[in-house]
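Report on the structure given below.
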Amino acid sequence: MPTEVRLRGLASWYAEPGHVGRKLVKEHKFTAAHRSLPFGTYVEVHNLKNNRTVIVCIDDRGPFIKNRIIDLSKPAAEKLEMIHSGIVPVELKVIRYAAY
C-alpha cells in the first residue's frame, strides 16, 4: 500500500471543448486532470484560500501550463468557490488509488 501522498501547488479549472451549448454528462461530474496520477484515482482537493474541499476522480491528463498541479472540472471548481479567480493554491491528498 503506497504511503500517503500530499502535493501543494496551483489548481485551475476547465470547461471541456464542446460543452458550450450542449448538455454532456461529463461536464456535471467531479473530475480532474493530473499529469501522472493513474486514471480512476480519487483525490481530495483543499482550497488553501478558503478551506473548502472537494473529492475528484482523475480522468484526464494535464494541466499543460507550468506551475499548475491539477485542472478541475467546473462543478469541482464551483464547490471550491474558485470560478471567478480561476487559479487557487491547493493541497492534494490521494484518498484512493485506481484499482487495476
Side-chain angles (χ1 to χ4, degrees):
M1 180 69 85
T3 60
E4 183 175 283
V5 175
R6 288 182 185 255
L7 305 167
R8 282 188 177 217
L10 295 175
S12 52
W13 70 274
Y14 63 92
E16 292 187 52
H19 279 188
V20 178
R22 288 194 278 170
K23 281 200 164 211
L24 298 176
V25 172
K26 192 174 175 183
E27 76 177 310
H28 301 293
K29 292 191 176 185
F30 289 87
T31 60
H34 190 272
R35 287 186 190 95
S36 60
L37 289 172
F39 291 160
T41 297
Y42 283 84
V43 178
E44 180 182 83
V45 183
H46 178 84
N47 182 336
L48 296 173
K49 284 194 157 202
N50 64 13
N51 286 325
R52 294 184 62 87
T53 61
V54 66
I55 295 173
V56 296
C57 181
I58 303 300
D59 74 343
D60 202 356
R61 290 290 171 233
F64 299 109
I65 296 175
K66 210 174 197 181
N67 300 325
R68 296 195 192 159
I69 62 169
I70 196 164
D71 271 338
L72 301 166
S73 65
K74 188 175 180 182
E78 288 171 336
K79 184 147 184 178
L80 291 180
E81 295 181 350
M82 63 173 283
I83 293 293
H84 295 293
S85 63
I87 300 169
V88 294
V90 296
E91 181 177 75
L92 308 180
K93 177 183 171 188
V94 174
I95 58 173
R96 187 176 70 182
Y97 281 94
Y100 290 106

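Side chains are part of it too, since the values below use all heavy atoms of this structure and drop only hydrogens, waters and symmetry mates.
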*Group every Ile, Leu, Val, Met, Phe, Trp and Tyr by side-chain heavy-atom contacts under 4.5 Å, then state whether Ile95 and Ile70 land in the same group.*
no
*Side-chain heavy atoms under 4.5 angstrom apart, residues restricted to Ile, Leu, Val, Met, Phe, Trp, Tyr: same cluster for Phe30 and Leu37?*
yes
Measure across [X] and [Y] and return the closest heavy-atom pair with its distance rounded to 0.1 Å.
X	Y	value
Pro63	Ala33	CD-O, 4.0 Å
Arg35	Arg61	O-CD, 3.4 Å
Thr41	Tyr97	OG1-CA, 3.9 Å
Gly9	Ile69	N-CD1, 3.5 Å
Gly40	Cys57	CA-SG, 3.7 Å

With a 4.5 Å limit on heavy-atom distance, are the side chains of [X] and [Y] in contact?
X	Y	result
Val90	Met82	no
Trp13	Ile83	yes
Pro89	Lys49	yes
Leu7	His34	yes
Val45	Leu92	yes

Can you tell me how far apart [atom1] ([X]) and [atom2] ([Y]) are? Round to the nearest 0.5 Å.
X	Y	atom1	atom2	value
Tyr14	Thr31	OH	OG1	4.0 Å
Leu72	Glu78	CG	CD	11.5 Å
Ile58	Phe39	CD1	CZ	9.0 Å
Asp71	Ile65	CG	CD1	7.0 Å
Glu44	Thr53	CD	OG1	5.0 Å

_Please determine whether a side-chain nitrogen of the Lys or Arg among Lys93 and Glu91 lies less than 4.0 Å from a carboxylate oxygen of the Asp or Glu._
no
*Without swapping roles, check the side chain of Asn47 against the backbone of Arg52 for a donor-acceptor pair under 3.5 Å.*
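Flag not set: sc Asn47 to bb Arg52 has no pair under 3.5 Å.
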